[in-house]
A.B. asks: 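Take a look at this one; I'll ask things after.
For ligands, and for the atoms within them, numbers begin at 1 and follow the listed sequence. Bear in mind that the values here come from a model prediction, so they are computed numbers and not experimental data.
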Amino acid sequence: MAKNAKPGAEPVASTSNFIRSHIEADLAAGQYASRTWGGKPGPARTHATAAADPAKIRTRFPPEPNGYLHLGHAKSICLNFGLALHYGGACHLRFDDTNPEKEEQEYVDSIQDAVQWLGFDWGPNLYFASDYFDFMYEAAEYLITAGHAYVDEQSAEEMRANRGTLTQPGRPGPWRDRPAAESLARLREMRAGTHAEGSMVLRAKIDIASPNINLRDPTIYRIRKATHHRTGDAWCIYPMYTYAHPVEDALEQITHSICTLEFEDQRPFYDWLLAKLADGGLLAQPVPQQIEFARLNLTYVVLSKRKLIQLVDEKHVTGWDDPRLPTLVGARRRGYTPEGFRRFAERIGVSKADSWIDYSVLEDCMREHLNEVAERRMAVLDPVKLIIDNYPEGQQEDCFAPNHPQQPELGKRVVPLTRELWIEREDFAETPPKGFFRLFPGNSARLRYGYVVKCTGCDKDEAGNIVAVHCEYLPETKSGTPGAETVKVKGNIHWVSTAHACAAEVRLYDRLFREAHPGAGDRDFLLDLNPDACRVITAQLESALRSTAPDARYQFERHGYFIADHKDSRPGTPVFNRTVTLRDSWTK
Ligand code: ATP
Ligand code: MG
């Protein structure tokens, strides 16, 4: 097994796609064969590990530690780590912490946790962009010296005005051709804290009239008198993301820098910058290449950080790990599995064209995996009492229920049967609709793993509500005995003994939004919240569930997949979250 996989993580299957074709062409051409995995300047740590490492390709997952990861990030993680696994390469986890303002250790920890939970291992390749600040600064001085950058003292408005528009070329400002020595002096003053925020910036000197606006002398350093979560107050100038990112990739000797489509217009700058730094001997060849793919767009959720923050801050959900949220901490608490995510990433593939994936594709992947691994249990979610009038009071007998229908090796468990049981309210009808095969007066149905019972009627309270259903059992029909098949019935219902049942809180989660495209057009996305996305009930569970460990997953027969909530379950009183129903009820 390749080193990026944890034991138990199956390698991602090998459906081809344009990124794989690209990598295979590079490998066939020997693009990286001569690479020494050494290189000129750069953080020693990086090169020390890289030199001894036979990785064929290097990818990276580069989150900004300013929020919790979501389902879209899962796609990117599975893609980058999956490629490294597939080609015998390495995938780096790199925190892109070049912006001092919004980044926090809390996010760093939760991101590491999420990547590991998904089943991936970065090994020794954990990096922080802020560790490269010294190199980035040296590279900036080099660019000035080589005539590729200058300090611009125009105001923000002047700069904007001179930058032109999509249809009009930009115009050079008054500082563009200043002597390198002067820019260098200014940059050093910027670094020393001599100048106020916004008073000047360092810009690359490329082509102010370029049709690609990103090449019109983009800003590469700005003054920010802010404390950084790792470098503290060591710096008061910070590199722009577009400058920092290619440098980070190059220092780590990333071969394929895979990002989402909105960076396509940045690729010329990415290439320009790395070529200039390689020409100057600051970086080793071959430099990384950027490849773009379409981000994940999923119906019925929002993946924008801003909207997720709003949902949490305004308390539309209970926190970042609310099981309704599309965050990975939420999905995990909901009961979604890493295997389900990897299956999903493989199924949706990667493409160059933006598209929408229906949420049911993700749910199906979870169902498929849970169907394979979740043991079965009986749970009555909307209980009404069933009284077997011909069953002796005080008697109890064992029924044997298989833990998994396709995996007999998982054995059977005892389910006690008594005279009074809980059944689902909807499994009884006083006047049955057409095609109803379960309990109604005069009809027989099977109690799973127990007997066939014949319904005789029901009791009602003064308001006319049904409070108990009555039946008689056919003693020769017990499941697993020779007489079981003598009476044929169409209905087959689950049940729990009232004497043994464990009453438990169950949260019936559903999709957070009721519209496929929340906030489409100009509508406020909050208006599309699904008010029924969390229904809390008290269910009657079979006694074996009383001692459920937190995070244990089960299929509740006929209902769906459930997980014992790891925050709110207590020994003897589990709380269950519904992960997903057995069948999709959303497809119209
Ligand atoms: P921001 O707007 O703050 O940059 P972001 O969602 O891009 O938000 P990052 O932390 O920068 O967050 O993302 C880390 C990585 O995850 C990036 O490489 C990005 O391309 C990828 N990523 C983010 N959202 C998606 C998505 N919906 N589908 C696929 N990849 C995504
Ligand atoms: Mg981003």
Side-chain angles (χ1 to χ4, degrees), residues 17-19 58-84 91-104 106-115 118 120 122 126-130 229 240-242 244-246 248-249 252 254 256-267 270 288-312 320 325-329 331 341-342 344-359 361-362 517-518:
N17 60 49
F18 78 97
I19 297 182
R58 254 164 221 281
T59 55
R60 83 286 174 269
F61 175 63
E64 199 180 330
N66 65 353
Y68 284 84
L69 297 186
H70 56 60
L71 306 183
H73 296 117
K75 173 176 177 177
S76 176
I77 293 168
C78 291
L79 174 63
N80 281 293
F81 281 92
L83 287 168
C91 181
H92 298 191
L93 175 61
R94 179 205 310 144
F95 289 99
D96 217 322
D97 58 351
T98 50
N99 178 355
E101 261 113 22
K102 295 178 292 189
E103 293 155 0
E104 284 178 35
E106 177 194 351
Y107 298 128
V108 170
D109 295 339
S110 89
I111 289 169
Q112 294 195 35
D113 209 44
V115 174
L118 281 172
F120 299 109
W122 51 86
L126 173 67
Y127 303 109
F128 288 85
S130 53
H229 79 128
M240 302 300 285
Y241 177 84
T242 45
H245 199 82
E248 295 156 21
D249 284 343
E252 292 176 18
I254 298 302
H256 300 87
S257 174
I258 298 162
C259 63
T260 43
L261 280 177
E262 66 273 24
F263 292 102
E264 199 164 11
D265 291 345
Q266 290 288 356
R267 182 158 22 103
Y270 186 104
Q289 358 167 16
Q290 175 177 309
I291 305 176
E292 308 86 16
F293 73 104
R295 65 172 44 239
L296 172 66
N297 294 310
L298 203 54
T299 58
Y300 295 97
V301 298
V302 294
L303 295 179
S304 125
K305 266 182 199 163
R306 184 183 59 75
K307 288 179 180 168
L308 293 174
I309 288 171
Q310 192 181 346
L311 288 169
V312 173
W320 284 105
L325 274 188
T327 53
L328 291 181
V329 276
F341 275 114
R342 296 201 296 268
F344 175 66
E346 187 59 29
R347 189 160 301 170
I348 61 176
V350 287
S351 85
K352 265 283 190 197
D354 267 317
S355 68
W356 285 84
I357 303 293
D358 196 84
Y359 198 76
V361 178
L362 177 60
H517 300 280

A.B. asks: If we set the cut-off at 4.0 Å for heavy atoms, which region of Leu71 has an atom near ligand 1: side chain, backbone, both, or neither?
C.D. replies: neither
A.B. asks: Between the candidates His245, Lys305, Arg60, Glu292, which shows the shortest non-hydrogen contact distance to atom 12 (O) of ligand 1?
C.D. replies: Lys305
A.B. asks: With the threshold set at 4.0 Å, does a side-chain nitrogen-carboxylate oxygen contact exist between Arg94 and Asp249?
C.D. replies: yes
A.B. asks: For the 3.5 Å polar cut-off, considering only N or O atoms, please tell me whether Ile258 and ligand 1 meet it.
C.D. replies: no
A.B. asks: Judged on heavy-atom distance to atom 11 (O) of ligand 1, which of His70, Glu64, Lys75, Arg94 sits nearest?
C.D. replies: Glu64
A.B. asks: Going by salt bridge (Lys or Arg N to Asp or Glu O under 4.0 Å), name the residues that satisfy it together with Asp113, two or more places apart in sequence or in a different chain.
C.D. replies: Arg332
A.B. asks: Using 4.0 Å as the upper bound for N to carboxylate O, is an ion pair formed by Glu292 and Arg267?
C.D. replies: yes
A.B. asks: Once the angle between the rings of Phe95 and Phe128 is folded into 0 to 90°, is it parallel (under 30°), tilted (30 to 60°) or perpendicular (over 60°)?
C.D. replies: parallel
A.B. asks: Mind checking whether Arg295 contacts ligand 1 via backbone (N, CA, C, O), side chain (CB onward), both or neither, at a 4.0 Å heavy-atom cut-off?
C.D. replies: both
A.B. asks: Does the side chain of Leu362 reach to within under 4.5 Å of the side chain of Tyr300, using non-hydrogen atoms?
C.D. replies: no
A.B. asks: Could you tell me whether a side-chain N or O of Gln290 sits under 3.5 Å from a main-chain N or O of Phe263, the two making a donor and an acceptor?
C.D. replies: yes
A.B. asks: Atoms of ligand 1 less than 4.0 Å from Asn66 heavy atoms?
C.D. replies: 3 (O)
A.B. asks: Please state whether Phe61 comes within less than 4.0 angstrom of ligand 1, counting heavy atoms only.
C.D. replies: yes
A.B. asks: Which atoms of ligand 1 sit under 4.0 Å from any heavy atom of Pro62?
C.D. replies: 14 (C), 18 (O)
